[in-house]
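Reading through the structure tokens given below for one structure.
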Amino acid sequence: MNRLFEGFLDDSGTYRAAQVYWERLFLSSLPHIFIEKELKIQYANNEDNDGNPIFSATCLPLELAVRVIQQPVGDADDLDLDCWIDSVSLKPGVEIKELVISCCLSEENQPDVKRILRNWFTKGKVVAAKNPDEVRRWEGRTLSYSPELCLH
Amino acid sequence: MAGQSPPNRGRVQAQGPKTEESVAWPPPTDPPTKAEVLEMLNLLWAKLSSRQQDDRRQCFVDARKWVQERPAKGVDALYKKPFTNRKMRGGVRVDIEVLFGKACVDDPPSPDEPDEPDEPDDTSEDGQT
């Protein structure tokens, strides 16, 4: 597994580089170019610099948000990529959908992460897997490498 | 204050496929303290089935540690902290969400707590400090 930004928790330069990476990925996932005031890019009020979250952003016209948790390398049987849908409050009484990505970023799962983000901001959802085997692996407790996604 | 949102609002919740349980802090004037948030985690734990508890055992350990390590002033909204089970898919986790105001401030000293002990003498019998 070729990890990206592997030492991000130990080195502030690597941490910042990872944040810039996520920001670029977010911008490139949007269906078209938005002006700056239509986007809210931030680092989620996290002073701990622990990667949880490392990045968050909202596209106001699309009413969609994303939050990224970058995980350090963990146990051998830890998932390298997971995601779920949450919500975030823009102001009292106004909530929008938020995609949360939790991953230990690598060259291998990078294409999946890009696809998840692109689907989120172009289709407003994470696309379900078509292959039943992939679905079973995704829903089960076993590992699946670079899985197709199936969220409910 | 009628008609206004409570100044401090948030919740702890257990989330994941087929799981959605939460304990929200009531609308206190003062932000919930660390001990109060830890107690809410206890209440949340008690709401879960044994399977749900098993899936989130380490999540609760991590969440409790995080609460105890917050600075004395607590954390300000908006702050969402998930503690995930990295071995399971679909966001199996415990969340701590500070939605308005703040939370996890230090507990006030107990009135029964003894006063700080006097400073020890700066010299011992052999003259060493």
Side-chain angles (χ1 to χ4, degrees), chain A residues 40 42-48 50-53 56 58 65 67-95 98-104 126 129 134-144 147-152, chain B residues 1 3-11 13-20 22 24 27 51-52 54-56 58-59 62-63 65-104:
Chain A
K40 188 174 158 192
Q42 55 187 155
Y43 300 103
N45 198 18
N46 182 12
E47 296 172 357
D48 288 347
D50 61 356
N52 181 4
S56 70
T58 304
R67 175 160 44 108
V68 177
I69 302 165
Q70 186 157 328
Q71 303 277 14
V73 176
D75 298 336
D77 60 346
D78 282 352
L79 302 175
D80 66 313
L81 176 59
D82 192 18
C83 65
W84 60 88
I85 310 296
D86 202 345
S87 62
V88 63
S89 178
L90 290 183
K91 55 186 177 182
V94 179
E95 290 206 334
E98 180 188 48
L99 170 70
V100 184
I101 295 174
S102 171
C103 79
C104 185
V126 180
E134 292 280 358
V135 173
R136 272 196 292 276
R137 280 192 298 173
W138 175 257
E139 290 177 331
R141 286 164 168 267
T142 55
L143 285 175
S144 69
E148 286 296 312
L149 293 170
C150 178
L151 295 183
H152 307 285
Chain B
M1 295 289 282
Q4 289 186 6
S5 292
N8 301 289
R9 214 171 82 196
R11 62 191 172 193
Q13 55 183 3
Q15 291 276 9
K18 298 175 186 168
T19 301
E20 191 166 350
S22 69
R51 169 69 180 270
Q52 290 168 327
D54 284 345
D55 290 345
R56 293 166 184 78
Q58 188 60 43
C59 307
D62 295 341
K65 182 168 180 280
W66 182 83
V67 170
Q68 286 161 336
E69 289 177 348
R70 290 310 89 203
K73 65 182 176 64
V75 292
D76 295 312
L78 172 71
Y79 204 110
K80 299 173 96 173
K81 197 77 172 177
F83 300 90
T84 56
N85 179 340
R86 291 179 63 184
K87 301 186 192 313
M88 295 182 72
R89 296 207 176 281
V92 176
R93 67 194 192 274
V94 170
D95 291 336
I96 297 178
E97 297 187 346
V98 185
L99 302 173
F100 292 100
K102 60 168 54 194
C104 301

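Just so it is clear: chains get the letters A, B, ... in the order the sequence lines come, proteins before strands, and each one is counted from 1.
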| field | Contacting region of B:Asp95 [heavy-atom separation from chain A under 4.5 Å] | value | side chain
| field | With B:Asp62 via salt bridge (Lys or Arg N to Asp or Glu O under 4.0 Å) - residues at least two apart | value | none
| message | So for A:Val100, is it side chain, backbone, both, or neither that comes closer than 4.5 Å to the heavy atoms of chain B? | response | neither
| said: So which atom in A:Gly74 and which in B:Arg86 form the shortest heavy-atom distance, rounded to 0.1 Å? | reply: N-NH2, 3.8 Å
| In terms of heavy-atom proximity below 4.5 Å to chain A, should B:Gln15 be classed as side chain, backbone, both, or neither? | neither
| note | For A:Asp82 and B:Gly90 the tightest heavy-atom approach is OD1-N, 2.9 Å
| task | Please name all residues satisfying side-chain contact (heavy atoms from CB on, under 4.5 Å) with B:Asp54, sequence neighbours left out, ordered by chain then number. | result | B:Arg57
